[in-house]
Amino acid sequence: DGLISLGWNTKVTSGSGDQGIDVIAEKNNLKIGIQCKLYTSYVGNKAVQEAIAGKLFYGLQKVAVLTTEGYTRSAIDLAKSSGVYLLTIESLHDFDNEILK
């Protein structure tokens with residue numbers, strides 16, 4: 001819903017066979033994949049690894065992990081070294097501005 005309000009066209013992937021990407025979003029000829037984690041604790045490396053795999057599987061330009069919580073230090077380090085965006089609901093607007101530069 002947050003991405004749609006920012007002008008992104010979104011498509012939910014096919015559940016259990018999603019290859020690490022839950023949503024594919026497109027805007028201004030940019031196609032990104034998002035791994036969504038509605039956790040009550042911090043998200044770890046596995047979600048970042050799944051996003052990286054999904055980027056390759058779907059041929060995406062960028063990928064991100066979105067959570068309602070935060071991220072472990074290990075997930076942050078892996079994301080930085082692999083170019084995966086780490087998002088929270090509150091950071092979507094900033095992400096929209098940053099990724100479209």
Side-chain angles (χ1 to χ4, degrees):
D1 184 41
L3 288 173
I4 293 169
S5 69
L6 293 169
W8 290 83
N9 294 315
T10 61
K11 180 179 92 171
V12 176
T13 59
S14 62
S16 63
D18 65 17
Q19 298 295 332
I21 298 297
D22 297 309
V23 175
I24 295 175
E26 295 183 62
K27 182 177 178 180
N28 297 354
N29 296 317
L30 178 65
K31 189 185 248 187
I32 65 167
I34 302 170
Q35 169 69 285
C36 300
K37 295 295 184 190
L38 303 177
Y39 286 1
T40 56
S41 60
Y42 281 12
V43 173
N45 263 9
K46 187 171 186 274
V48 177
Q49 293 167 349
E50 290 170 350
I52 294 165
K55 180 180 182 183
L56 297 172
F57 183 82
Y58 289 105
L60 301 165
Q61 294 155 290
K62 305 279 183 182
V63 289
V65 179
L66 174 66
T67 185
T68 49
E69 290 298 321
Y71 298 91
T72 64
R73 170 54 49 200
S74 182
I76 292 167
D77 291 344
L78 180 58
K80 282 181 182 176
S81 69
S82 62
V84 174
Y85 291 88
L86 297 181
L87 307 174
T88 62
I89 300 300
E90 295 80 18
S91 69
L92 281 179
H93 189 271
D94 292 337
F95 168 72
D96 179 65
N97 291 332
E98 179 182 335
I99 199 163
L100 294 174
K101 284 183 185 176

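Because the structure is predicted, anything quoted here is derived from the model rather than measured. Basis for what follows: all heavy atoms, side chains included, without hydrogens, waters or symmetry-related copies. In what follows, residues are counted from 1 in the order of the sequence shown.
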The reported gap from CD in Glu26 to CG in Leu60 (rounded to nearest 0.5 angstrom) is 9.0 Å

By salt bridge (Lys or Arg N to Asp or Glu O under 4.0 Å), Lys80 pairs with (sequence neighbours left out) none

Rounded to the nearest 0.5 angstrom, the CH2-CD1 distance for Trp8 and Ile24 is 12.5 Å

* Heavy-atom donor-acceptor pair, Lys27 side chain to Asp96 backbone, under 3.5 Å -> no

**Check: Leu87 main-chain N/O paired with Ser91 side-chain donor or acceptor under 3.5 Å** = no

Answer with yes or no whether the hydrophobic clustering places Ile99 together with Ile89; edges join I, L, V, M, F, W, Y residues whose side-chain heavy atoms lie under 4.5 Å apart.
yes

Checklist entry - Aromatic rings Phe95 and Tyr85: how do their planes relate, parallel, tilted or perpendicular, breaks at 30° and 60°? => result perpendicular

Distance col, row Leu66:CG vs Asp22:CG, nearest 0.5 angstrom, shows 9.5 Å

OG1 (Thr10) and CD1 (Ile32) are apart, to the nearest 0.5 Å, by 10.0 Å

Establish whether Val65 and Tyr42 are linked, either directly or via other cluster members, by ILVMFWY side-chain heavy-atom contacts under 4.5 Å.
-> no

Residues passing the side chain to side chain donor-acceptor pair (under 3.5 Å) test with Lys31, sequence neighbours excluded, are none

Paired with Val63, the side chain to side chain contact (heavy atoms under 4.5 Å, CB included) test is passed by just one of Val48, Val84, Leu56, Ile34, namely Val84

Here the side chain to side chain donor-acceptor pair (under 3.5 Å) pairs for residues 60-73, sequence neighbours left out, are Arg73-Asp77

For Ser74, the side chain to side chain donor-acceptor pair (under 3.5 Å) test, sequence neighbours excluded, returns Asn45

Under 4.5 Å between side-chain heavy atoms, hopping through other hydrophobics if needed: is there a path connecting Ile21 to Phe57?
yes

Residues 42-51 vs salt bridge (Lys or Arg N to Asp or Glu O under 4.0 Å), sequence neighbours excluded, gives Lys37-Glu50, Lys46-Glu50

